[in-house]
Amino acid sequence: MLGNSGDPFGVASTGLTWLPKEEHFGIRHEDRLVAHTGLLRLPVAIGDTETELVGVGGVAVAPGMQGQGLARLVVTAALEHARTMGPQHALLFCRPPLVPLYQRLGWHPLDKDVLVEQREGRLVAMPLRTMVTPLRDDARRPSGRVRLSSLPM
């Protein structure tokens, strides 16, 4: 387990319902999981275009192991796999203090609000910062309103 916090990802305060990840990447140290991220293919509308992207979520590093580059290692491994999954982009949601970390890893913040589904088909604006990264050399950054056609990951 990545620490004793009931909210290891720091997102409980959003009140959102999240999807579980389908593929997981982790680092173990002395038989303990110390870093994790997960992936999930998700339907999305960018402007009027329906497509898919790879959602990256559940990025966490155990408190005593932070600052050692473990987030970079698990996210890099996950993105290498994501490049084999088909979509042109990966997307993640993060707390504002983490934006610089993800920018150093090649992610770009989106300028517009992103809508995500919640229970009973409600649409809500994502309160966390949305960031994208290309999964292919020829992928252009999404330009247009982004609407996740599912719960967030």
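Note that the structure is predicted; figures quoted are calculated from it, not measured. Each residue takes its place number in the sequence, starting with 1.
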Nearest atoms (heavy-atom pairs only) where [X] meets [Y]:
| X | Y | value |
| --- | --- | --- |
| Leu39 | Ala78 | CD1-O, 3.3 Å |
| Met85 | Glu23 | CE-OE2, 4.0 Å |
| Met131 | Tyr102 | SD-CB, 3.7 Å |
| Ala71 | Leu101 | CB-CD2, 4.5 Å |
| Leu16 | Pro152 | CD1-CG, 4.5 Å |

Which ring pair (Phe, Tyr, Trp, His ring centres under 6.0 Å) pairs, counting each pair once, include a residue from [range], with sequence neighbours left out?
| range | result |
| --- | --- |
| residues 119-153 | none |
| residues 119-143 | none |
| residues 114-153 | none |
| residues 45-67 | none |

Please lay out, stage by stage, how Leu33 and Arg28 fare under the test side chain to side chain contact (heavy atoms under 4.5 Å, CB included). CA-CA 4 Å; Leu33 181 66; Arg28 297 184 79 72; 4.0 Å; yes
Closer than 3.5 angstrom, by distance alone: can the side chain of Thr84 be matched with the main-chain N or O of His81 as a donor-acceptor pair?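 Yes: the side chain of Thr84 pairs with the backbone of His81.
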Check side chain to side chain donor-acceptor pair (under 3.5 Å) between [X] and all other residues, then give those that pass, not counting sequence neighbours.
| X | value |
| --- | --- |
| Arg83 | Glu80 |
| Glu117 | Arg147 |
| His29 | none |

Step by step, work out the side chain to side chain contact (heavy atoms under 4.5 Å, CB included) result for Val74 and His36. CA-CA 6 Å; Val74 294; His36 171 271; over 6 Å; no
Considering residues at least two apart in sequence or located in another chain, which fulfil the side chain to side chain contact (heavy atoms under 4.5 Å, CB included) criterion with Leu19?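 Partners of Leu19 under the side chain to side chain contact (heavy atoms under 4.5 Å, CB included) test: Leu40, Leu42, Ser150, Leu151.
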Test item: Val99 and Cys94 side chains (from C-beta on) under 4.5 Å apart, heavy atoms: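 In contact.
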Quick test of your reading: applying side-chain hydrogen bond (donor to acceptor under 3.5 Å, both in side chains), list the pairs with at least one residue in residues 122-137, sequence neighbours left out, ordered by first then second residue.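 Counting only pairs at least two positions apart or across chains, no side-chain hydrogen bond (donor to acceptor under 3.5 Å, both in side chains) contact touches residues 122-137.
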What side-chain hydrogen bond (donor to acceptor under 3.5 Å, both in side chains) pairs are there with at least one residue in residues 103-114, not counting sequence neighbours?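 Every side-chain hydrogen bond (donor to acceptor under 3.5 Å, both in side chains) pair that includes a residue of residues 103-114, provided the two are not neighbours, is His108-Arg141.
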Starting at [atom1] of [X], measure out to [atom2] of [Y] and round the result to the nearest 0.5 Å.
| X | Y | atom1 | atom2 | answer |
| --- | --- | --- | --- | --- |
| Leu148 | Leu91 | CG | CG | 7.0 Å |
| Leu73 | Ile27 | CG | CD1 | 4.5 Å |
| Leu110 | Met126 | CG | CE | 11.5 Å |
| Thr51 | His89 | OG1 | NE2 | 9.0 Å |
| Thr76 | Phe25 | OG1 | CZ | 11.5 Å |

Who are the salt bridge (charged side-chain N to carboxylate O under 4.0 Å, His left out) partners of Glu50, not counting sequence neighbours?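 Glu50 satisfies salt bridge (charged side-chain N to carboxylate O under 4.0 Å, His left out) with no residue once adjacent residues are dropped.
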Please table the atom pairs, donor to acceptor, closer than 3.5 Å between any side-chain atom in residues 52-66 and protein atoms at least two apart or in another chain.
from	atom 1	to	atom 2	distance (Å)
Glu52	OE1	Arg41	NE	3.1
Glu52	OE1	Arg41	NH2	2.2
Gln66	NE2	Val61	O	3.0

Joint cluster assignment, Met153 & Leu115, ILVMFWY side-chain distance < 4.5 Å: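 Shared cluster, no.
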